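What you see is a predicted model, and the numbers here were worked out from it, not measured in a lab. Numbers here are sequence positions counted from 1.
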Amino acid sequence: MFVDTHMHEMTCSKDSFLKLEEMVEIAREKGLGAICITDHDDMGLKEYAAEYSKKTGFPIFVGIEFFSLQGDIIAFGIEEYPDERISAQDFIDLVKAQGGFCFAAHPFRNNNRGLEENLRIVKGLDGLEVLNGSTSVEACQKAARYAQELGLCTMGSSDCHVPEKVGACATWFPEEVKTMEEFMQALKKGGMKPAYYEDGAYHILEVQEYGNGYPKVGF
């Protein structure tokens with residue numbers, strides 16, 4: 001099952017041009033089994049997303065992309081989050097205290113929003129985004145190397161803000177997930193792999209082969 005684990009909807013992410021209805025439509029067309037709305041420092045779409053998911057029968061999981069003092073972190077399975085910037089470690093600790101799951105978003109993107117070398121300092125991260133549809137191949141390759149070194153889960157996401165980016169990259173899950181509870185269980189179990197969309201289908205990327213070059217589609 002393929003899930004886009006990092007996406008932005010225009011209601012709460014003001015830099016997005018996407019409405020939830022359009023995101024679901026494109027996701028279905030591309031063969032995604034679910035999508036994740038991870039708006040900037042906001043989970044305000046949670047109630048509407050739950051209603052729309054029930055109406056359409058398409059799984060929508062709401063998390064958050066939190067801009068910590070050291071960089072962006074995606075989190076799922078939390079109810080409470082800070083209303084101001086705090087350190088990456090404090091945010092990770094908050095997520096873990098609530099039984100959540102978190103991964104570093106685009107850790108080496110050249111915009112001062114990735115954790116970069118702080119990956120070696122913080123404790124408690126579950127994974128790294130090693131395929132991001134809005135990040136350079138080189139930055140993704142570096143993230144893959146760190147994921148291997150640190151023994152963290154490898155995630156793939158579109159980080160979409162416009163229609164053409166929806167589902168550009170995704171995460172393969174070894175089992176079907178339909179509910180938030182199942183999604184959280186699958187995340188914590190691990191075994192996910194990054195994937196990219198090309199020629200009308202998703203292709204799983206074996207991270208250990210990063211030295212052979214990353215796909216350029218969607219970047």
Side-chain angles (χ1 to χ4, degrees), residues 1-7 27 32-39 41-43 45-46 49-50 53-54 58-68 70-82 86-107 114-115 118-132 140 143-159 167 169-195 202 204-208:
M1 178 181 184
F2 295 97
V3 181
D4 193 340
T5 54
H6 176 182
M7 311 173 78
L32 287 170
I35 62 172
C36 300
I37 305 301
T38 54
D39 288 318
D41 305 313
D42 201 315
M43 293 177 65
L45 202 70
K46 190 173 182 179
S53 178
K54 184 177 181 180
F58 189 82
I60 303 169
F61 308 124
V62 176
I64 191 170
E65 181 178 26
F66 183 76
F67 187 27
S68 78
Q70 287 73 38
D72 285 317
I73 300 172
I74 302 287
F76 294 104
I78 64 173
E79 297 294 331
E80 299 178 3
Y81 54 92
I86 61 175
S87 74
Q89 188 62 65
D90 285 346
F91 181 69
I92 294 168
D93 291 345
L94 185 87
V95 172
K96 307 313 284 188
Q98 295 181 66
F101 178 98
C102 58
F103 64 90
H106 43 70
L115 289 183
N118 288 292
L119 293 173
R120 299 186 189 278
I121 300 172
V122 298
K123 306 295 182 184
L125 270 180
D126 297 295
L128 296 188
E129 194 173 62
V130 303
L131 273 185
N132 177 292
C140 289
R145 291 195 291 271
Y146 273 64
Q148 287 186 294
E149 176 189 334
L150 300 172
L152 299 176
C153 292
T154 54
M155 311 295 290
S157 320
S158 69
D159 192 2
C169 299
T171 300
W172 174 79
F173 284 76
E175 57 195 77
E176 294 286 316
V177 292
K178 299 295 184 183
T179 66
M180 188 64 178
E181 182 179 7
E182 291 175 348
F183 180 56
M184 292 303 301
Q185 290 175 348
L187 285 171
K188 293 179 180 181
K189 186 182 295 184
M192 295 82 73
K193 296 181 179 181
Y202 281 100
I204 295 173
L205 181 71
E206 298 296 340
V207 171
Q208 62 268 27

Distance-minimising heavy-atom pair for Val62 and Met180: O-CE, 3.9 Å
Heavy-atom count around Glu181 CD within 6.0 Å, excluding the residue itself: above 12? no
Interatomic distance, Leu150 atom CG to Leu128 atom CG [nearest 0.5 angstrom]: 6.5 Å
Value rounded to 0.5 Å, distance of CD1 in Ile73 from CD in Gln89: 8.5 Å
For Glu80, does the CD atom have more than 12 heavy-atom neighbours from other residues, nucleotides or ligands under 6.0 Å away? no
Is there a donor-acceptor pair under 3.5 Å between the side chain of Lys188 and the backbone N or O of Gly99? yes
Could you tell me whether a side-chain N or O of Thr171 sits under 3.5 Å from a main-chain N or O of Gly156, the two making a donor and an acceptor? yes
Could you check whether Lys96 pairs with Asp126 (Lys NZ or Arg NE/NH1/NH2 to Asp/Glu carboxylate O, under 4.0 Å)? yes
Can a donor-acceptor pair be found, under 3.5 Å and without considering hydrogens, that links the side chain of Thr154 to the backbone of Lys193? no
Return the minimal non-hydrogen interatomic distance between Pro107 and Ala143, and the atom names on each side. CG-CB, 3.7 Å
Measure the shortest side-chain to side-chain distance between Met184 and Phe101 over non-hydrogen atoms and say whether it is less than 4.5 angstrom. yes
Residues Ser158 and Asp4: side-chain donor-acceptor under 3.5 angstrom: yes
His6 NE2 to Asp159 CG distance, which is reported to the nearest 0.5 Å: 3.5 Å
Is the backbone N or O of Ala105 less than 3.5 Å from a side-chain atom of Glu65, with the two atoms forming a donor-acceptor pair by type? no
As a quick check of understanding, evaluate side chain to side chain contact (heavy atoms under 4.5 Å, CB included) for Ile92 and Leu125, giving each step before the final call. CA-CA 7 Å; Ile92 294 168; Leu125 270 180; 3.8 Å; yes
Between Asp41 and Phe67, which heavy-atom pair has the shortest distance, and what is it? OD1-N, 2.9 Å
Which atom of Gly167 lies closest to which atom of Tyr202, heavy atoms considered: O-OH, 2.7 Å
Quick check: closest heavy atoms across Pro59 and Ser53, and the distance to 0.1 Å? CA-OG, 3.7 Å
Step-by-step side chain to side chain contact (heavy atoms under 4.5 Å, CB included) determination, Thr5 to Phe103: CA-CA 10 Å; Thr5 54; Phe103 64 90; 4.0 Å; yes
What distance separates Asp42 CG from Asp39 CG, expressed to the nearest 0.5 Å? 6.5 Å
Determine, for Glu182 against Lys189, whether the closest basic-nitrogen to carboxylate-oxygen distance falls under 4.0 angstrom. no
Is the shortest heavy-atom distance from the side chain of Phe61 to the side chain of Val177 under 4.5 Å? yes
Nearest 0.5 Å, please: how far is CZ in Arg145 from SG in Cys140? 11.0 Å
Can you find a pair of side-chain heavy atoms, one from Leu94 and one from Ile78, that are under 4.5 Å apart? no
Reported CD1-to-CE distance for the pair Ile37 and Met7, which is rounded to 0.5 angstrom: 5.5 Å
Yes or no on side chain to side chain contact (heavy atoms under 4.5 Å, CB included) for Leu115 and Ser68, after CA distance, side-chain angles and deciding distance? CA-CA 9 Å; Leu115 289 183; Ser68 78; 4.2 Å; yes
For His106 and Asn132, does a side-chain donor sit closer than 3.5 Å to a side-chain acceptor? no
Atom of Leu32, atom of Phe58 and distance for their closest heavy-atom approach: O-CE1, 3.5 Å
Donor-acceptor check, side chain of Tyr81 to backbone of Met43, threshold 3.5 angstrom: yes or no? yes
Should the ring pair Phe76 and Phe183 be called parallel, tilted or perpendicular, given that the plane angle runs from 0 to 90° and is split at 30 and 60? perpendicular
Would you find a donor on one side and an acceptor on the other, under 3.5 Å apart, between the side chain of Glu129 and the backbone of Ser157? no
Dump the intermediate steps for side chain to side chain contact (heavy atoms under 4.5 Å, CB included) on Phe66 and Asp72, then the final yes or no. CA-CA 5 Å; Phe66 183 76; Asp72 285 317; over 6 Å; no
